[in-house]
Amino acid sequence: MKEVLDFLNRVGVYYLATAEDDPPHVRPIGFVMDCGGKLTFSTCNRKAMCKHLAKNPNVEIACYDGQGNTLRICGKAVFATSPETQQKALDVMPALKEQYAVGDGLFEIYYLEDTKAICSNMSGESQELAI
């Protein structure tokens with residue numbers, strides 16, 4: 001998990017693909033944390049992304065570190081919104097307090113289960129990273 005979190009935090013922005021029905025939708029995201037040993041993210045329940053995750057939890061995240069390495073993570077989104085997970089997210093990234101508050105009715109927390117992370121380089125070499 002540490003390698004994956006380090007990669008995501010190093011690149012800062014990564015891209016989450018969802019599909020409600022058709023076609024797929026890709027959007028940039030920039031928050032991740034380890035919450036109870038799970039790769040955990042946040043969103044707002046007013047966004048289409050949240051609706052997509054609720055309807056079809058299968059997602060893929062892709063990012064590039066600018067040095068020839070890519071990381072792809074696939075899994076299923078599971079909502080885990082609670083006052084505790086919201087507070088942890090606000091503690092990890094205080095800037096989120098500009099948009100969200102614990103129990104505000106908007107702030108959603110989700111983690112990925114059944115995950116697989118593959119790190120590849122420009123030479124075509126790949127390795128699976130533990131999550």
Side-chain angles (χ1 to χ4, degrees):
M1 164 91 74
K2 182 176 177 349
E3 249 182 311
V4 172
L5 277 171
D6 287 350
F7 195 106
L8 292 172
N9 284 321
R10 187 171 64 248
V11 300
V13 176
Y14 21 98
Y15 298 87
L16 176 79
T18 62
E20 181 181 21
D21 292 313
D22 252 350
H25 302 274
V26 178
R27 77 264 302 146
I29 59 175
F31 172 78
V32 64
M33 68 178 176
D34 176 351
C35 189
K38 298 177 187 304
L39 201 56
T40 305
F41 305 88
S42 70
T43 188
C44 175
N45 60 24
R46 290 186 179 165
K47 293 182 179 180
M49 179 176 97
C50 192
K51 293 169 181 59
H52 295 174
L53 293 173
K55 188 168 183 181
N56 178 358
N58 295 301
V59 300
E60 186 159 339
I61 294 171
C63 56
Y64 175 69
D65 71 358
Q67 299 174 3
N69 301 298
T70 62
L71 178 65
R72 293 178 53 197
I73 305 163
C74 60
K76 289 187 178 186
V78 176
F79 285 96
T81 305
S82 70
E84 295 78 20
T85 58
Q86 290 175 326
Q87 187 59 57
K88 178 163 178 144
L90 295 173
D91 292 343
V92 169
M93 183 179 270
L96 289 173
K97 294 176 186 174
E98 295 173 19
Q99 298 174 350
Y100 305 116
V102 172
D104 65 5
L106 301 173
F107 191 24
E108 300 289 344
I109 306 294
Y110 64 96
Y111 65 86
L112 297 184
E113 69 177 9
D114 302 329
T115 54
K116 183 175 184 178
I118 304 290
C119 188
S120 303
N121 63 28
M122 297 303 275
S123 300
E125 299 165 335
S126 296
Q127 68 173 2
E128 188 168 346
L129 302 179
I131 296 183

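Predicted, not measured: the structure shown is a model, and the values here were computed from it. What you see below is based on every heavy atom in this structure, not just the backbone, and it leaves out hydrogens, waters and symmetry mates.
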Novice: I would like to know whether F7 and L129 meet side chain to side chain contact (heavy atoms under 4.5 Å, CB included); could you show each step before the answer?
Specialist: CA-CA 11 Å; F7 195 106; L129 302 179; 5.8 Å; no
Novice: Group every Ile, Leu, Val, Met, Phe, Trp and Tyr by side-chain heavy-atom contacts under 4.5 Å, then state whether M1 and V59 land in the same group.
Specialist: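 Same cluster.
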Novice: To the nearest 0.5 Å, tell me how far Q99 CD sits from L90 CG.
Specialist: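 Result: 10.5 Å between the selected atoms.
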Novice: Flag the pair T40 / T85 as yes when at least one side-chain heavy-atom distance between them is below 4.5 Å, and no otherwise.
Specialist: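 No, side chains not in contact.
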Novice: Counting neighbours of NZ on K76 that are heavy atoms of other residues, nucleotides or ligands and sit closer than 6.0 Å, is the number greater than 12?
Specialist: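 Count not over threshold, so no.
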Novice: Provide the closest heavy-atom pair for V26 versus A17 in the form atom of the first, atom of the second, distance.
Specialist: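 Reported closest heavy-atom pair: CG2-CB, 3.9 Å.
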Novice: Any side-chain to backbone donor/acceptor pair from Q86 onto I109? Under 3.5 Å, distance only.
Specialist: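 Not a single qualifying donor-acceptor pair exists.
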Novice: What closest approach, in Å, do D104 and Y100 show between heavy atoms, and which atom pair accounts for it?
Specialist: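 For D104 and Y100, the tightest heavy-atom pair comes out as OD2-CA, 3.2 Å.
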Novice: Does any part of the side chain of R27, heavy atoms only, come nearer than 4.5 Å to the side chain of T18, both counted from C-beta?
Specialist: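 Yes, close enough: below the 4.5 Å cut-off.
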Novice: Report yes if the side chains of E3 and Q127 come closer than 4.5 Å at any heavy-atom pair, otherwise no.
Specialist: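 Yes, close enough: below the 4.5 Å cut-off.
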Novice: Using a 4.5 Å cut-off on heavy atoms from C-beta on, say whether the side chain of Y111 contacts that of C35.
Specialist: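 Not in contact.
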Novice: Determine, step by step, whether E84 and S82 satisfy the side chain to side chain donor-acceptor pair (under 3.5 Å) criterion, reporting the C-alpha distance in whole Å, the side-chain angles of both residues, the deciding distance to 0.1 Å, and the verdict.
Specialist: CA-CA 5 Å; E84 295 78 20; S82 70; 3.2 Å; yes
Novice: Ignoring hydrogens, what is the shortest heavy-atom contact between A89 and L96? Give both atom names and the distance.
Specialist: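 What the structure gives for the nearest pair is O-CD1, 3.8 Å.
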Novice: Identify which one of V4, L5, V92 satisfies the side-chain contact (heavy atoms from CB on, under 4.5 Å) criterion when paired with D34.
Specialist: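 Testing D34 for a side-chain contact (heavy atoms from CB on, under 4.5 Å) against V4, L5, V92 leaves exactly one candidate, L5.
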Novice: May I ask you to decide if P94's main-chain N or O and D91's side chain share a donor-acceptor pair within less than 3.5 Å?
Specialist: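 Absent.
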Novice: Heavy-atom distance under 4.5 Å between the side chains of C50 and F79, does that happen here?
Specialist: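 Counting from C-beta outward, C50 and F79 do come under 4.5 Å.
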Novice: Same hydrophobic cluster for M33 and M93, using side-chain heavy-atom links shorter than 4.5 Å among ILVMFWY?
Specialist: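 As far as the 4.5 Å side-chain criterion goes, M93 and M33 are connected within one cluster.
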Novice: Salt bridge between K38 and E113, side-chain N to carboxylate O under 4.0 Å?
Specialist: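 So K38 does not pair with E113 through a salt bridge.
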Novice: Is it the case that T43 and E108 place a side-chain donor and acceptor less than 3.5 Å from each other?
Specialist: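 The criterion, which ignores hydrogens and geometry beyond distance, is not satisfied for E108 and T43.
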Novice: Working to the nearest 0.5 angstrom, can you tell me the gap between M122 CE and Q67 CD?
Specialist: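 Nearest 0.5 Å value for the CE-CD distance: 12.5 Å.
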Novice: What pair of heavy atoms forms the shortest contact from V13 to C63, and how long is it?
Specialist: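 Minimum heavy-atom separation between V13 and C63: O-CB, 4.2 Å.
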Novice: Let me check something: do L16 and V78 share a hydrophobic cluster, defined by ILVMFWY side-chain heavy atoms less than 4.5 Å apart, either directly or through other members?
Specialist: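 Result: no, two separate clusters.
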Novice: Less than 4.5 Å apart, any side-chain heavy atom of I61 and any of L39?
Specialist: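 Contact flag for I61/L39 side chains = no.
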Novice: Examine L8 and M49 and state if one hydrophobic cluster contains both, with Ile, Leu, Val, Met, Phe, Trp and Tyr joined whenever side-chain heavy atoms are less than 4.5 Å apart.
Specialist: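 Yes, same cluster.
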Novice: Test of understanding: clusters of I, L, V, M, F, W, Y form through side-chain heavy atoms closer than 4.5 Å, transitively. Do I118 and I73 belong to the same one?
Specialist: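 No, it is not one cluster - the side chains of I118 and I73 are not joined through contacts under 4.5 Å.
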Novice: So Y14 and F41, would you call those rings parallel, tilted or perpendicular, with 30° and 60° as cut-offs?
Specialist: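 Rings of Y14 and F41: perpendicular, as their planes differ by over 60°.
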Novice: Strictly distance-based, threshold 3.5 Å: is any side-chain N or O of K51 a donor or acceptor partner for the main-chain N or O of N45?
Specialist: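 Looks like yes, one N/O pair under 3.5 Å.
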